[in-house]
Structures are given as C-alpha cells and as structure tokens.
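First the structure, in the form of structure tokens, and then the observations on it.
Quick note on labels: first sequence line is chain A, next is B, and so on, each numbered from 1.
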There are 4 protein chains.
Amino acid sequence: MLRCGLLDEPQKGGTVPVDITPAVPEPETIVAPPRGLRSDRIHSQVLEATAALLREGGYSAATMDAIAQRAGVSKVTLYKHWPSRTAVAAKAFGLMMADALPQPNTGTSAGDLTEQVLHVSEFYASDLGGVFAQLIAACVEDPAGAAYFGEFFLAGRRAAVAELWARAVERGDARPGVDVNDVIDTLFGALLFRLLIGHQPLSAEAAASLADVALRGTLLPTAKG
Amino acid sequence: MLRCGLLDEPQKGGTVPVDITPAVPEPETIVAPPRGLRSDRIHSQVLEATAALLREGGYSAATMDAIAQRAGVSKVTLYKHWPSRTAVAAKAFGLMMADALPQPNTGTSAGDLTEQVLHVSEFYASDLGGVFAQLIAACVEDPAGAAYFGEFFLAGRRAAVAELWARAVERGDARPGVDVNDVIDTLFGALLFRLLIGHQPLSAEAAASLADVALRGTLLPTAKG
Amino acid sequence: MLRCGLLDEPQKGGTVPVDITPAVPEPETIVAPPRGLRSDRIHSQVLEATAALLREGGYSAATMDAIAQRAGVSKVTLYKHWPSRTAVAAKAFGLMMADALPQPNTGTSAGDLTEQVLHVSEFYASDLGGVFAQLIAACVEDPAGAAYFGEFFLAGRRAAVAELWARAVERGDARPGVDVNDVIDTLFGALLFRLLIGHQPLSAEAAASLADVALRGTLLPTAKG
Amino acid sequence: MLRCGLLDEPQKGGTVPVDITPAVPEPETIVAPPRGLRSDRIHSQVLEATAALLREGGYSAATMDAIAQRAGVSKVTLYKHWPSRTAVAAKAFGLMMADALPQPNTGTSAGDLTEQVLHVSEFYASDLGGVFAQLIAACVEDPAGAAYFGEFFLAGRRAAVAELWARAVERGDARPGVDVNDVIDTLFGALLFRLLIGHQPLSAEAAASLADVALRGTLLPTAKG
DNA sequence: AGCTAAGCGAGACGGTACGTCAAGTCTTTCA
DNA sequence: TGAAAGACTTGACGTACCGTCTCGCTTAGCT
C-alpha cells in the first residue's frame, strides 16, 4: 500500500567495490526537469530557497508557496521540475548535506565505523536531524519524493559507509559472509529508531554503546580495538 | 526542534526485571478523558471505528471526520478524549495489535530472539506494517500522538522483547554489560530502516541475516545455536 | 451544450396576473445554504462585500479570494453557501439592484413602458450596466450561477415590466393575443444587444426610438400617445 | 468601464445602400498580421484548427495551446497574428459560419424577414448557437476580440438583414423613418435575450411570434401578409 | 421525581496548503 | 530572420483535512 522504494543510487563507478545495489527495482519516478539555461538557474534558485526554508523552519516551513515565492519562481514551474513537495525538499536537503559529514580515518576499522556512528548520531540530535526525520516521514506517504530522497541523500550516505566497510574488508577485519547492507542497517537503524521514536537518548555515549554492539556482530574479534 | 518522546510505558509490574525505562522525562501529553458510562461506550466505539478505517484504508483513511461519522460520535467529543488525530489512531492501532504477535518459546535465547525478529519483519511487510510506518511518520510532527503511540503500542512490543532478553540473561546467554535498550534498538532498528526507506527487502532471509548479525553482538558466543 | 436556464422567479402571489412563468423546467441548482445564526451573518457579510467589489472593480474584481477576504470568511464557506463565483456575484448584484429602478407611472401605457425602456437604457449605459453585461456573460458558462441571476435579478425586472403590461391590458391598450414575454423580450432585447455588442449607442434618443418601434408592435394604435 | 465596441464592419461596397455604419468611432484593434506566403498558410491552418475545436468542444475547448498544437503553430505566432484568444475564435467562427444562412426570398417583405428570424432562431438553438453565446460572452471582457467578432461575423449578418430591409423599403413596405439598425436589433435582440438567459424557448413558434410583434412595429400595415 | 449542568451529536466555520488550469510573455534553437 | 517549441509568470480556481465553535438535545447525578 505504501511501501517506499527510496533508494536508487547512481552507482558512479568503481570507488565502491562492495555491492550496495538496492534489491528493489529502480522506480521511474524521478522527473527529467526541463532543459535550458533558464532551467538551470531556476533549479539552483529553488534548491537554495528550499534549503534555507528547511534550515529556518523545518519541513513544515518549506511550503510550495513559500518556496515559489522565496525562489522567485511560479508554483507551476515547481511542479514541472519536481513531482511533489517532498521531492523538492529531499533534493534540497541532499545537496545541502552533501559534504556535511567528513569521512573518518582513524587507522582502524572499528575506529572508523564507530566515529561514523558518532557523527551520524550527532547529526540526528541536531536541528537538521529533526528535518531529516520529517523528510523520512514525508516520504512514507510520497513514493515520488522517496525516490528523490534516496537518490540525493541516502545513496551518498550509504556509499560513504560502504567505503569504510570496504576498507575493513581489505584489512581482513570483516567477519566473512556479512552483507554490507546488513552492516549499514544494523549500525544506523538503531539511531534512526531513536530519532523517530525518541524513547532513548541520542548522546555520544549511547551511540558508542550501540556502535560497540553492532560492530561486535560484524567485525572479527581480532579487529576490536 | 521536533524530537518526539514517544515512549512512556506504564511498566505494570515485576514481570520485566530489566530496565527499559525511557531516559527522557515522561511528557504529560496523554489526556485524561471524561469519566462515566457514556464515555466508556464512546471510547470503544471510536477505537473500533478507527481500527476498521486503518485496516481498510490506512492512516490516510482515518480522518477525524471519517472516524466521527463511523463511530456515531461528534468531532468535538473526539477532541475531548484525545489531543489529536494521531493520538486516536495510535491508540486504536495499539489495541488492534495488542495480541498479534505471539511470544516465541523455542528453548534457546538465540532462537527466541531470532523468531521475534522474523515475526516483526513479517508484520512490517504486511499491510498493517504500512500503517505502522504511517503512524511513525505522523508522530514525527505530533508529539502528543507520539506519546499515545509509545504508550499503547511500542511499550508493549518493547516489553515483550525485554522479557525474552531477561530470559537470556537468566540463562547466562547474554553478553555482560549489554543494555536491553541497545539490544532492542539494534535488533529492530534495521527492520524499521528498511520498512521506512524500502531500499532493502523485508524477506525472511533478510530478517534472519540481520538477526544473526545483531545477536552476534549481544549474546555470548556460547549461546549461538 | 451550454444553454443557461436562468429564470426561475418565485412568483410571489397575485400581484401580477399576467403569465410570466418560464417555459423551461425549474432547475434545482440553487443551493440551500446552511441555516443558523452564524449563517445569516455570513450570508449578509458576503453579499455586502461582493456588492462592494462589483461596484469598485466589476465582475473581474469579485474574485472568490477577494470576496472571502473582504467578508472575513473562508473560501470553503463560500462554496458551502453558493455553488460558484457567478452565483455569489449574481445574488449580490440582485440585492444591490433591488430597488434601483423606480416603477414609472405616467398615466399612459405607452408612457410607462417607454420610460421603463429609458431607465433600463440608462442603467445599461452606466458602470453597473457593464457589470450586468459581465454577469450575463459569466452565466453563459455557468448554469448554476445563471439560476441565481434569474432568481435574484432578472425575475424582479421582468415582474416589474409585467406589471406595467398588466396595466396596459386593463386599460385596453394592449394588442390582443400578445404574450407578455414577447413584449418584454422585444422591448429590452434590443437594448441588451447593444449593451453586449456595443455596435450602436445606448443614448436616450436611441432608446426612445427602439421603444417606439417595439410599442407599435405590441400596443394598439389607439394607445399611442 | 467595459463597453465593447464590437462592430466595425469594413463596409466594402455599394451592395447595401442602407446605412448600418456603427455610431461609435472605429477602434484600431484589429491587428495587421504579418505578410508573406508562410503567413497565409499559418492563417488558414490556425483558423481551420480553431473552427474544428469550436465545433467539437465549444469555446472552452479552443484554448490557445490547443489551437497552436492542432495547427502546428507556435503560440508566439498566434499572438503575432491576433491580439487575443477571443479574436482568433471570433474570426474562425465568422469564416466557419460565412454562408451558413441562406438569404430568404419569399416574395414578400414580411415573409423574408420572418424567415430570417426563423433561421437565426434555429441557429441559436443549435450547438453552434451555444458557441455563438460563448463568443458574445467572451467579447464582453475582451474589446479586441469583440472587434474581430463584429468584423468577421456580426457585420455579415447585419448586412444580410439590411439587404432584406432595403428590399422592403424599395417595395414601399417599410414604415417611413424607421432606422435599419432599430429594425435589426428589435428583430434579433429578443432572440439573443432568450439564447443568453434561457428563460423562454427558442422554438419556431416562439420565433414566429416574436417576428410578428417586431414586424408590426416596423412594416406598414399594408405589408402584412 | 424532578431539576440542573454537563456531555454530547450535528455540522458550520476559519485556516492553511494543495495541486491544477489557461492566458499571455519570454527564451532558445532550428531552418 | 522568422518561426517552432516550450518554459515561465501570473492569478485564480476548487478541494482537503485539521481543529474550533455553536446550537440544541440528551442524559447523569444531585436535591
């Protein structure tokens, strides 16, 4: 009825040898926006305006009317470039977050992955983490938006973690036979759970504790720092 | 900005020795509905109507107008008993699901927990799993509803898992020092991730694989079946 | 495809003995607005606001948004009371014009009818005559609005002329066998023609000339002043 | 505020001795379309496409986009040849109707004029009569279009009737001193009234009755068949 | 047993946002 | 150079659902 189908990452080349291909077929929901010089200008104006609105007032402030006005663009145009409000917001959020999280490099597999979990936990606990939760929520009812969120935000995040995992595999720290997607979902699913439900804190200690549990299940005992 | 605070379970009795008390202070959002005979009738009528609507058309069909009409109750009354639409839906969903998942009893700790994961995965993949996702999403923007969702649905689920964990602790299968909340979130967070994002399947195999990873991190090697 | 069916006058009693019953069956398009104290207040507020807008900027200024805002009423409410923008405007215009044209009383049939034609011609030539034309035009595409225009504006006008005609009949000035509707349409159709097409002036002389032609065809030669 | 000024017929030649020159000054609204071979092809393509659309779905189907697409012409080009949508539609309608009504020739003045009224009444009652009403309505808000409607449709109609009237004058059937414009407007205004308002039928009997009334006012008693 | 006050059904209402439509203008690209 | 293609702005439309409000009836619970 309302399954999402969020992820269809562009898979841009051999940087990531590990397979993170989505198991579900790629939806054709991402609109090909009109081409041309004007289109490019509009595209960036809209995304900047949306990002600003998201920062200032969260998803609920990023109304189509508000975006249109702030970007100096008409609503009709918005709907010609994106299939829904969620899609605009998702793409804007993705670009805004593009290089927010630095790739950790501690020298050890456990260290890298733990630090990544800490970064994400911190992000979730921030204001933008709230926006992230709102977007996840919005995507539940809007598969079209979900495709954008997968493409422009989630794919990048997953690729980053997949790269860390690939390093661990190279180092011989990974427990054999463990799927990278299981690693990612186990490491960050718990954080997402807490972000959405809010039943448990998202503190650094809590994150470290969760990372420890998850890494014990995925790395070899010898890899534990 | 928009953290939820979903869980404030009533913790009714000593069945669960392990601590799953929420770390965040309990919100006072749950309304005390008017008392009296009529109130009881209204309460159950509304919840049944809402449950039926949720089953038939998901959260989006459970409009306040629709609920009011189906229950033969006025909207004003609805708002006297519950703070918001989400709250009604959450409570109705909780009661509807009250005894949907049987408590597994395989004889081993790993078996019990794995089976629980399989059950939940199956539930997520069902139509009602979609409704669950919608409710999670709705709660992101409505803390009041979130309180109801925590109280009437999540608390029960977590308590059930906590009991399985307590058994594992008694059996000496649990890795010492592991927090029960970390266990729960790690075991089910990954499933929730997949439910919401839909990037990976929710099949039995996938669930078993995730359970395996998570249990390796929480149970002692000696407990692995 | 787009015939109107404008007129369904209430026919309020024996004042007018002559038959001006519409030949087309009465449409059921006029909405029964919600009842109650609030409704009454809203009704009058809306109609006053609309009348003001019509006076100030014609039909094109009487937007639903503008009306809603000026009347301090929500658009949804407007659509609960009236089926369309045209309907609101038509009713407001009707009430606004209710007693704009005095009933002539010159002592002779020809005098009365001629004076009426002059009045109407003058009205057509005024700003409000323009609004009248706009309403006629709007009703062409909106049968629901047409019903309101018939009920709240045209019916009254026709009844007024019908009364003059009835007097002429009593006086023995009317050519026998002439239908009152033919009289009305012949007397005023030419004016309407000129209002809409604008090919010929709506001056007093022109109106007198038209009235003369039409009355020669409807009154007996003996009645001509 | 919104008077139209529809009629500015080119008056091309002595065929009509009677004066039907408009009393209002001729507006300069009719665009001189670009000249050249391509222009001619475009012109006819557009007008044919528009006529087809008008026939199929009335004025509301004759969108500028629809016309442009059907004619294989760009919208910019449309606006280079005509000042507005109404103008295109009006011209297309005029050409489409060019020889729809045959000129009656019954041998008597009254017969000719009555038959013309019957023809027009029949036309009004047809689907194309509805389109005619829509065009009249559209012209109310668009003087530029009105000019085209006058030039390419109304002028021809009026000239035809004027010719009948000229014949009556030659025959000595016309009441002396009656203006041809008064004749035309009186004869057909009533029909237009009924077309637009729809309060009375447009049947042949009704038309005959109206013609009778009007002709009694314009022809001499001796001319009545 | 009857009265009073609260609870309640019905549904009108304001508000906010949505997604859509068509007119008319402007820009790019092709012939 | 002029036109096709079509992107864009503008302004309004009609709809959806939330949560509040008002009315008048019903019922509970006290006197």
Side-chain angles (χ1 to χ4, degrees), chain A residues 33-42 60-69 72-81 83-85, chain B residues 33-39 41-42 60-69 71-86 141-142, chain C residues 33-42 60-69 71-81 83-85, chain D residues 34 36 38-39 41-42 60-69 71-86 88 138 141-142:
Chain A
R35 310 198 164 273
L37 295 182
R38 264 202 293 181
S39 285
D40 291 349
R41 207 200 57 229
I42 284 177
S60 52
T63 302
M64 281 307 234
D65 288 280
I67 294 171
Q69 185 177 353
V73 147
S74 96
K75 255 201 312 178
V76 177
T77 303
L78 285 185
Y79 283 102
K80 281 209 183 102
H81 286 244
S84 70
R85 173 191 176 195
Chain B
R35 313 202 161 269
L37 297 180
R38 266 201 290 185
S39 281
R41 206 201 58 229
I42 286 174
S60 53
T63 303
M64 283 306 236
D65 289 276
I67 294 171
Q69 186 176 354
V73 146
S74 102
K75 268 170 59 172
V76 176
T77 305
L78 284 184
Y79 283 102
K80 279 204 186 109
H81 287 243
W82 291 273
S84 72
R85 173 193 179 194
T86 320
E141 307 270 21
D142 177 11
Chain C
R35 310 197 165 276
L37 296 181
R38 266 202 292 183
S39 285
D40 291 350
R41 207 201 55 229
I42 285 176
S60 52
T63 302
M64 282 307 233
D65 287 280
I67 294 171
Q69 184 176 354
V73 148
S74 97
K75 254 202 306 181
V76 176
T77 302
L78 285 185
Y79 283 102
K80 281 207 183 106
H81 286 244
S84 70
R85 172 190 178 198
Chain D
R38 265 202 288 191
S39 280
R41 205 201 58 229
I42 287 175
S60 52
T63 304
M64 282 307 237
D65 289 275
I67 294 170
Q69 186 178 353
V73 147
S74 100
K75 270 169 65 174
V76 176
T77 306
L78 284 184
Y79 283 101
K80 277 200 188 115
H81 288 243
W82 290 273
S84 71
R85 173 194 180 195
T86 320
V88 191
E141 307 269 20
D142 177 12

side-chain N/O [X] vs [N] OP1/OP2, d < 4.0 Å:
{"X": "T77(C)", "N": "dG14(E)", "result": "yes"}
{"X": "R85(A)", "N": "dC18(E)", "result": "yes"}
{"X": "S39(C)", "N": "dG11(E)", "result": "no"}
{"X": "H81(A)", "N": "dC8(F)", "result": "yes"}

Output the rounded distance in Å from [atom1] ([X]) to [atom2] ([N]).
{"X": "R41(D)", "N": "dG2(F)", "atom1": "CZ", "atom2": "C1'", "value": "12 Å"}
{"X": "I67(A)", "N": "dC18(E)", "atom1": "CD1", "atom2": "C1'", "value": "13 Å"}
{"X": "D65(A)", "N": "dC13(F)", "atom1": "CG", "atom2": "P", "value": "15 Å"}
{"X": "D40(C)", "N": "dC23(F)", "atom1": "CG", "atom2": "P", "value": "12 Å"}
{"X": "M64(A)", "N": "dA17(E)", "atom1": "CE", "atom2": "P", "value": "13 Å"}
{"X": "K80(B)", "N": "dA10(E)", "atom1": "NZ", "atom2": "P", "value": "14 Å"}

Pairwise 5' ranking along DNA chain F for S74(B) and A62(B), keeping only the more 5' one =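 Upstream on the strand: A62(B).
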
inquiry  = Taking the nucleotide of DNA chain F with the nearest heavy atom to each, does V76(D) or S60(C) sit closer to the 5' end?
reply    = V76(D)

inquiry  = Classify T63(C) by what it touches in the nucleic acid, base, sugar-phosphate, or nothing, heavy-atom distance under 4.0 Å.
reply    = sugar-phosphate

task = Pick base, sugar-phosphate or nothing for V73(D), based on heavy-atom distances below 4.0 Å to the nucleic acid.
result =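 Sugar-phosphate, backbone atoms only, no base.
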
What is the minimum heavy-atom distance between [X] and [Y], and which atoms define it?
{"X": "A62(C)", "Y": "R85(C)", "value": "O-NE, 3.0 Å"}
{"X": "A61(B)", "Y": "A66(B)", "value": "O-CB, 3.7 Å"}
{"X": "K75(D)", "Y": "A68(D)", "value": "CG-CB, 3.9 Å"}

ask   = Is a side-chain donor or acceptor of T63(B) paired with a backbone partner of D65(B) at a separation under 3.5 angstrom?
value = no

query = Is a donor-acceptor contact shorter than 3.5 angstrom present between the side chain of K75(D) and the base of dG24(E)?
reply = yes

